[in-house]
Amino acid sequence: MAERIAVAPSDILLVVDVQNDFCPGGNLAVTKGDEVVAIVNRLCQRFHHVVLTQDWHPRGHLSFASSHPGRKPFETIVLPYGPQVLWPDHCVQETQGAEFHAGLRIPHAELVLHKGYHRAIDSYSAFFENDRTTPTGLAGYLRERGLARLFVAGLAFDFCVRYSAEDAHRAGFGVVVVEDACRAIDVDGSAAATRQSLADLGVALIGADAIVER
Ligand SMILES: [Zn+2]
C-alpha cells in the first residue's frame with residue numbers, strides 16, 4: 001500500500017488549467033479531462049492553500065497553428081525560444097473555453113495565476129514561460145508566503161503539470177504530483193516521457209487518496 005502523506009500548513013495545492021477548452025467538448029480537449037474535477041474538489045478540502053492557474057491567451061497567439069499558415073495542430077515548429085508544439089486555438093481571453101470548468105469548487109483558492117498572455121511566448125509552466133527565462137512571479141509569491149511544498153494536479157499531465165512540477169523542483173520547492181488528479185494529452189509518447197522525467201528528478205507521483213489531513 002502506498003505511503004500516506006499528511007498535509008502541512010506550508011503545503012499548497014496547485015491546480016493547473018482545469019478549463020473548458022481542456023475538457024471534453026473544448027477546443028483542446030484532454031481525454032477524460034473533466035474527470036479531474038470531482039477529484040480536485042475533494043482533494044482541495046485537505047489544503048489550507050490552493051493556487052489555480054488559468055491558460056490565458058490573446059487572439060492570434062503564436063502557439064496556435066492558425067497563426068502559422070500551412071501548419072496544422074500538433075505539428076512542432078521552431079520559434080525564437082525553441083521548439084513549440086502548435087495547438088488548436090484554445091483558452092482565448094474572455095471566451096467560454098478559457099473559463100474554469102463549471103463544476104470546479106475551490107472557494108478558498110488564494111490566487112489565480114494567468115499564463116500564456118504574451119502573444120509571442122507560450123507558457124506551459126506556472127513558473128516560467130517557454131523561453132525558460134521569463135518568470136511568472138509564482139516562485140516569489142510562494143516564498144514570500146512561506147509555502148514550501150507543492151502538490152500538483154490538473155491538465156494536462158504531460159505538458160503544464162509536468163513543466164510546473166519540474167520547475168518547482170528546480171526552484172527548490174518540494175513537489176508531489178497527484179497523478180490520478182491529472183489527465184494527459186499524450187502526443188508522441190509524452191505521457192511516458194513525463195513519468196520518466198519526473199522519476200529522474202525524484203519527484204513523487206501519488207494518488208489523491210494517499211494525501212491526508214494532518
Ligand atoms: Zn495554451
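Just follow the structure's listing: the first ligand is 1, and inside any ligand the first atom is 1. For the single chain, residues carry numbers from 1 onward in sequence order. All values below were derived from every heavy atom in this structure, side-chain atoms included, with hydrogens, water molecules and symmetry-related copies excluded.
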> Is any N, O or S atom of Cys91 under 2.8 Å away from the Zn ion (ligand 1)?
Replying inline: no
>> I'd like to know: is the Zn ion (ligand 1) within the 2.8 Å range of an N/O/S atom from His90, strictly under that distance?
In response: yes
> Taking the six-membered ring for Trp, are His90 and Phe22 parallel (under 30°), tilted (30 to 60°) or perpendicular (over 60°)?
Replying inline: tilted
>> Among Leu155, Val30, Thr31, which residue satisfies the side chain to side chain contact (heavy atoms under 4.5 Å, CB included) criterion with Cys23?
In response: Leu155
> Got an N, O or S from Asp55 under 2.8 Å of the Zn ion (ligand 1)?
Replying inline: yes
> Would you call Arg59 and Asp89 a salt bridge, using N to O less than 4.0 angstrom?
Replying inline: no
> Can His118 and Glu129 be counted as having a side-chain donor-acceptor contact under 3.5 angstrom?
Replying inline: yes
